[in-house]
Amino acid sequence: MSQIDIFDTTLRDGEQSAGINLNTAEKIEIARQLERLGVTIIESGFPASSPGDFDAVQRIAGTVKNSIVTGLSRSMKADIDRTWEALKGAEQPHIHIFLATSPIHMEHKLMKTPEQVVDIAVESVRYAKKFFPLVQWSAEDASRSDPEFLAHIIKKVIEAGATTVNLPDTVGYATPEEYGAMFRYMTENVPGIENVKLSAHCHNDLGMATANTLAAIENGATQVEGTINGIGERAGNVALEEIAVALHIRKQFYEIETGINLNEIKRSSQLVSQLTGSIIQPNKAVVGKNAFAHESGIHQDGMLKNPLTYEIITPELIGDAATELVLGKHSGRHAFRDRAVKMGFELPDAKLNEAFIEFKKLADRKKQITEDDLFVLLTDQQINDTETPIYELESVQVQYGTANIPTATASAIGPDGTSIHEAATGSGSVEAIFNTLERIVEGKVHILDYRVTSIGKGRDALGEAVINMSYDGETVTGRDVAQDVLEATAKAYFNAVNRQLVKQGNKTKIQAV
């Protein structure tokens, strides 16, 4: 079987989803998991876009060893220089340069002639090749580009030194037949195309990203790009777990291997969902909670007789095997450490001890501790940067009655270490909490989105609160968990504020340097 490379852009294209805001520690944790998953290339960010992205790309490049780390760059020398500074310490320095090639983009966005676009593309690839052994060039909006012009510019960038050529369906416009035909045309009409990787990058605006990506593979693509859970701008990117599992289940048809460690799919999906705050729809292919649920009587009967009657994918394949009670309140430190290691966590003693303390607190309140509970506790410690929170919740209390005005009272430790006490009313319990906390923090807060979901099952399940807000004009996301959803809400609020204040502090430090 032939091998196809998997290019993951969860940390770049995926993070561009509305409401997603990852810090460096969270990006590193996701990158480590993508390495365990076995992706070939990790697109870790856009180094020239911000100091935070530069720092994340540089640190991921120094952390990941078994996957290639790349960064996005416009066709500009300044961007290429910045990307090289971030990636020169990587095991295999790789750059991803893009330039639009469709008539509508060239005329209205770039305001360049086709000839000028060719010159810019060639010059940028040639310049990048001075530093990077691996240069990927992308024809933005390739699916709406003129095929002859596209073949011409691809020939030129290959001659300039490109090692990978990417043909994105940037706006999710193509049909599978059209997208596959574009790849077939390039393989038949571009001299030297056989010497480079040909990559597919599909968006899901019309719901055809998976079909389009598979069509590209059938017509010569040797690399596919996408994200975990299909997150990304607008309707998202192709979901890599769908491609990996489709190629595995239908391997007799496609005869292609991906190198993906399939039993790490569930963990990867769960981690990305938790850290981005992006909920997985229940009927999502491969990783949705209903993907292996059977309610129809006919289906249940068939499943009992032979699971293959209605289940072409098993939970075990993607690392989603059912687990019973994992640990209880009488479990010791050794058992806790052993379980953490089996779940793939590598925590130093100090963080493991903190996680164990939180586990014991939770075990006193919950009858059963599930693997989902442990995953949340251990992940939070893994990404904890050990910095003291600028605002820390001490207590929150809400008085509510159908005939009374909801009133919240909260206490928190402020930036100077003193305790702050405030109270406020609202039209509901949550608004009362928000109004109270707004009196505690310094800065203007506007809530953009808020939701609470359960972690695991049962009446005593943990509640996870996710808040998307603007703080002093900057959009930031906060999240936290607790058994009481109102406590989780207050903690998530402070988490968002603290993230933004830490980000502002880091930016000031970078500027000072």
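Just so it is clear, the model here is predicted, and its values are computed rather than measured.
- A salt bridge between Lys27 and Asp53 is present, with a side-chain N of the basic residue lying under 4.0 Å from a carboxylate O of the acidic one.
- In this structure, the separation between OG1 on Thr210 and CG on Leu240 is 9.5 Å, given to the nearest 0.5 Å.
- Remark: Gln281 CD is packed, more than 12 non-hydrogen atoms of other residues, nucleotides or ligands lying under 6.0 Å away.
- Checking Glu225 against Thr9 by side-chain atom types alone, no donor-acceptor pair falls below 3.5 Å.
- A side-chain donor-acceptor contact under 3.5 Å links Glu29 and Gln382.
- To the nearest 0.5 angstrom, Thr475 atom OG1 is 11.5 Å from Asp449 atom CG.
- Taking all atoms of both residues into account, the shortest heavy-atom contact from Asp169 to Asn212 is OD2-ND2, 3.5 Å.
- Side-chain atoms of Glu394 and Ser411 include no donor-acceptor pair closer than 3.5 Å.
- Looking at heavy atoms from C-beta onward, Glu442 lies in side-chain contact with Tyr391 at the 4.5 angstrom threshold.
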Next on the checklist: Could you walk me through whether Asp8 and Thr10 satisfy the side-chain hydrogen bond (donor to acceptor under 3.5 Å, both in side chains) test, starting with their C-alpha distance in whole Å, then the side-chain angles of each, then the deciding distance to 0.1 Å, before giving a yes or no?
Outcome noted: CA-CA 6 Å; Asp8 182 278; Thr10 302; 3.0 Å; yes
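- Other residues, nucleotides and ligands place more than 12 heavy atoms under 6.0 Å from the CG atom of Leu448.
- With hydrogens and angles left out, the side-chain atoms of Gln16 and Glu233 include a donor and acceptor closer than 3.5 Å.
- In this structure, Lys65 does not pair ionically with Glu35, as no charged nitrogen and carboxylate oxygen lie closer than 4.0 Å.
- Proximity of Phe345 to Thr379: side-chain heavy atoms (C-beta onward) are separated by under 4.5 Å at one or more points.
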Item to check | Candidate pair Gln136 and Glu43, rule side-chain hydrogen bond (donor to acceptor under 3.5 Å, both in side chains), full reasoning | outcome: CA-CA 11 Å; Gln136 173 167 317; Glu43 187 167 44; over 6 Å; no
Item to check | Audit row: Lys88, Phe131, side-chain contact (heavy atoms from CB on, under 4.5 Å) steps and yes/no | outcome: CA-CA 8 Å; Lys88 61 184 179 183; Phe131 309 99; over 6 Å; no
Checklist entry - Taking it one step at a time, do Asn237 and His201 satisfy side-chain contact (heavy atoms from CB on, under 4.5 Å)? => result CA-CA 8 Å; Asn237 294 53; His201 179 116; 3.4 Å; yes
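- Ion pairing between Asp380 and Arg479 holds under the 4.0 Å rule for side-chain N and carboxylate O.
- Side-chain contact between Glu464 and Val376 is absent, with no heavy atoms from C-beta onward closer than 4.5 Å.
- Between the side chains of Asn495 and Asp480, no donor N or O sits under 3.5 Å from an acceptor N or O.
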Item to check | Worked verdict on Leu37 versus Ile265 for side-chain contact (heavy atoms from CB on, under 4.5 Å) | outcome: CA-CA 7 Å; Leu37 181 63; Ile265 285 178; 4.0 Å; yes
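- For Gln483 against Asp460, the heavy-atom pair with the smallest separation is NE2-O, 3.0 Å.
- Side-chain atoms of Arg36 and Gln33 form a donor-acceptor pair, as typed in the model, at a separation below 3.5 Å.
- Annotation for Ile28 and Ile60: closest pair CG1-CG1, 4.0 Å, computed over non-hydrogen atoms.
- Heavy-atom minimum distance, Gln500 versus Tyr471: CG-CD2, 3.7 Å.
- Contact of the Val238 side chain with the Val224 side chain is not registered, since no non-hydrogen atoms from C-beta on lie closer than 4.5 Å.
- Here the closest heavy-atom approach between residue Leu110 and residue Ala100 is recorded as CD1-O, 3.7 Å.
- Here the side chains of Met469 and Val497 are in contact, with some heavy-atom distance below 4.5 Å.
- A side-chain N or O of Gln270 and one of Asp372 form a donor-acceptor pair less than 3.5 Å apart.
- Residues Ser75 and Phe98 have side chains not in contact (no heavy-atom distance under 4.5 Å, counting atoms from C-beta outward).
- Checked by atom type, the side-chain pair Asn229/Ser269 shows a donor-acceptor distance below 3.5 Å.
- The two residues Ser138 and Asn166 come nearest to each other via the heavy atoms OG-ND2, 2.8 Å.
- For residues 394-447, the set of pairs meeting the ring pair (Phe, Tyr, Trp, His ring centres under 6.0 Å) definition, not counting sequence neighbours, comprises Phe434-Tyr450, Phe434-Tyr493.
- By the ring-ring contact (aromatic ring centres under 6.0 Å, His included) test, Phe7 is found to be paired with His96, residues two or more places apart in sequence or in another chain being considered.
- By the 4.5 Å heavy-atom criterion applied to side chains, Thr425 and Asn435 are not counted as neighbours.
- Under a cutoff of 6.0 Å and an axis angle of 45°, Arg82 and Phe54 form a cation-pi pair.
- Within the model, atoms CD of Gln397 and CG of Leu486 stand 11.0 Å from one another, a figure rounded to the nearest 0.5 Å.
- Residue Asn23 holds its CG atom at 10.0 Å from NZ of Lys503, rounded to the nearest 0.5 Å.
- Electrostatic pairing of Lys266 and Glu371 does not count as a salt bridge here, judged by no charged N lying under 4.0 Å from a carboxylate O.
- By the neighbour-count criterion of 12 heavy atoms within 6.0 Å, atom NZ of Lys360 is densely surrounded, having more than that number from other residues, nucleotides or ligands.
- When side chains are defined from C-beta on, Ile30 counts as touching Leu11, because their heavy atoms get closer than 4.5 Å.
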